[in-house]
Amino acid sequence: MTDDTLKALVESLIFVSQEPVSLERLQAVIEGVPAAEIQAAVEELVAGHDAGGRGIHIIRAGGGWIFATKPAHDREVRRLLQIERKNRLSSAGLETLAAIAYRQPVTQSEVSAIRGVDSTGALKTLLEKKLIKIVGRKKAPGNPLVYRTSEEFLLYLGLDSLDGLPSEAEIAKILEEEKALEA
Amino acid sequence: MTDDTLKALVESLIFVSQEPVSLERLQAVIEGVPAAEIQAAVEELVAGHDAGGRGIHIIRAGGGWIFATKPAHDREVRRLLQIERKNRLSSAGLETLAAIAYRQPVTQSEVSAIRGVDSTGALKTLLEKKLIKIVGRKKAPGNPLVYRTSEEFLLYLGLDSLDGLPSEAEIAKILEEEKALEA
Amino acid sequence: MPESSVEIPPVESASAPPPAPAEAGDGYQVRLDVFEGPLDLLLFLIRKKKIDIHDIPIAAITRDYLGYLERKTEINLDREAEFVFVAALLIYIKSQMLLPRETDLAEHEDPRRVLIDRLIEYEKVKAACSLLREREDVQILQWKRDFIPPLHGESELEPVELSLFELAESFFRVMKRREADDTRVIRGRDVSVEVKMKELTALLHERSVIDFLEYFESNASLEEALVSFFCVLELVKSRVAVAVQDELFQTIRVWLRKDAHRTAAHD
């Protein structure tokens, strides 16, 4: 293996790993290359990324190496991640939204009972994102607030009306049918 | 901002994102830099990574840019991540996906009719892999669910947009080649 | 919505009569299970005979097709229905072709039209598949990341500023847990709100961020814990401190507002 090939290989391995990659791990994965050569390749890589004009670098952490963005770009990096996160509902949010969509009108405690998990936080997020709305109070002890999905919810899903939601039977059919052999 | 600083910033942004980053998004995050300059920085970056001695490169997919390892390192990457082999789609899965990609929005029975084979199982697998999504219902008897390909679909096949699907002309060429082989 | 030109009912709803027995084709046979479905088999037969897809000799193709179908031990029942349905279609078209007619048929009246349209469309999908497969084979070797790299600095990603309600709620949970864990801790030293407030603000100045649940657990008695909870409530309410919970049921971190650093000490 040439120096360049080894360096490229090490770069792709560090890139793809969520945990810091140790020298031992690299050596186990790249067969037949002495540790000293791998170490040298890593050091060259690290130096190359530390140079100007690079936005990412390899840092030493937890007994290994890991890619990170350079601190100078912190502000923009966070801004980008925020934009991206705003586009997504967490799985808790999605679950809660589903419970409301299928069981509306519902109260918080009904949603929580459905999920088996307290859903107040998810409800709040959904309200902020205007995916659900408060439509009144239930005539029951404590007069809890009653929630429904909003117009925006329909827009978000590209539905004309709530009738457009897949029925539970259909979803069960899609998900449970054991014709999965096919694909 | 100097060219080098901009290039470094763009690199860190593309690196940190979990999805392809479009020019528009880069522009929204990097304030006050004309799109043309950002585009030029990206292009320089892409070229730099394509060069030898690099293990990762920036690919264009789903309307944006995303970092990926180079194909040559697949074996070692899988060894590091302890993944036996990366499963391709079955031919039934790919056929179903192609039928959906070209005829979207489509229903299950439309896909099944194109293939001449019940496609419920294949649809399920594609839904689970998030390569397709349910987008609503068709105004037709039984109001069947309507499917479309997803953003992940574009990323999965390295397509910039649906326009990147093989064209009629390309398909015709393949068919001619196949017939020539058999003759 | 672009409709496919196919007018045939979906295959799964089809019930078709069993195929008439027929002799096998020319002896060269491929196992039926290598075909994706009946259309795939038909395309194979058409190509093997080097037939123009637009002018299919229905009688011959039907014979070949049924020949394959006879070896149905190789396919399971689910798939058999689909193959049989197309067999029935072939036989139907063959019977239509045999009807005596006074004039030649216009192209759109050709009984084969429906089948030809389906085959042409399916052939295109299959050809596209071979191109898409090439793409898949390249892409599948290029690994992307689905995680966020370690970030710098103190501020967390998109923190959710906590409502008092949520703070109270997590308090409730911890209380429950403590009650269950240890009922002995009811008695302890008397703690005043002032003393606790001083202790808390001092700690916040010292550490800048405290993990509230950890701090809470460190209190010697339930009463003391209660007092410290109300102190945090007070600090947040008076906008001296910020409490953030990144995710529901996770710990709450408390820190002083930057602009409140000076005033906090005097509260």
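Because the structure is a prediction, the values reported are computed rather than measured. Note on naming: letters A, B, ... go to the chains in the order of the sequence lines (proteins, then strands), and numbering restarts at 1 for each one.
The structure places CZ of C/Arg145 at 11.0 Å from OG of B/Ser17, a figure rounded to the nearest 0.5 Å. Put simply, CD on B/Glu178 and CZ on C/Arg47 are 4.5 Å apart, with the number rounded to the nearest 0.5 Å. The NZ atom of B/Lys173 sits 8.5 Å away from atom CG of C/Leu131, with the distance rounded to the nearest 0.5 Å.
Considering all non-hydrogen atoms of both residues, C/Arg133 and B/Leu89 come closest at NH1-O, 2.6 Å. Minimum heavy-atom separation, B/Gly158 to C/Arg135: O-NH2, 2.8 Å. The minimum heavy-atom distance linking C/Gly37 with B/Val117 is given by the pair CA-CG2, 3.5 Å. Of all heavy-atom pairs spanning C/Ala128 and B/Ile171, the tightest one is CB-CD1, 3.9 Å. Across all their heavy atoms, C/Lys144 and B/Ile66 have their closest contact at CG-CD1, 4.3 Å. For the pair C/Arg118 and B/Gly116, the tightest heavy-atom approach, listed with the atom from each and the gap, is NH2-CA, 3.3 Å.
Take C/Ser95 and apply the side-chain hydrogen bond (donor to acceptor under 3.5 Å, both in side chains) test, not counting sequence neighbours, and it matches no residue. Listed by chain and number, the residues in a side-chain hydrogen bond (donor to acceptor under 3.5 Å, both in side chains) with C/Asp137 are B/Arg88 (sequence neighbours excluded).
Between C/Lys126 and B/Glu95, some side-chain heavy-atom pair lies under the 4.5 Å cut-off. Taking the side chain as every heavy atom from C-beta outward, B/Pro71 and C/Gln139 never approach each other to under 4.5 Å.
For a residue to count as touching a neighbouring chain, one of its non-hydrogen atoms must lie under 4.5 Å from one of that chain's; by this rule B/Ile83 touches chain C with the side chain only. Both the backbone and the side chain of C/Glu123 come within less than 4.5 Å of a heavy atom in chain B. For B/Val77, the part lying under 4.5 angstrom from a heavy atom of chain C is the side chain only. Contacts between B/Glu168 and chain C at a heavy-atom distance below 4.5 Å involve the side chain alone, from C-beta outward. Proximity to chain C is absent for every atom of B/Leu97, based on heavy atoms less than 4.5 angstrom apart.
Ranked by heavy-atom pairs under 4.5 Å with chain C, the list B/Ile174, B/Leu165, B/Leu157, B/Leu81 is led by B/Leu157.
In this structure, B/Asp3 places its CG atom where only 12 or fewer heavy-atom neighbours from other residues, nucleotides or ligands lie under 6.0 Å away. Other residues, nucleotides and ligands place more than 12 heavy atoms under 6.0 Å from the CD atom of B/Glu152.
The backbone N or O of C/Trp143 sits less than 3.5 Å from a side-chain atom of B/Thr69, completing a donor-acceptor pair. Looking only at distances, a side-chain donor or acceptor of B/Gln18 sits under 3.5 Å from a matching main-chain atom of C/Phe147. Between the side chain of C/Glu121 and the backbone N or O of B/Ile114, no donor-acceptor pair lies under 3.5 Å.
A donor and an acceptor atom, one from each side chain of C/Glu136 and B/Tyr156, are located under 3.5 Å apart.
Residues of residues 53-65 of chain B that come closer than 4.5 Å to chain C, counting heavy atoms only, are B/His57, B/Ile59, ordered by residue number. Contacts with chain C (heavy atom to heavy atom, under 4.5 Å) involve no residue of residues 39-48 of chain B.
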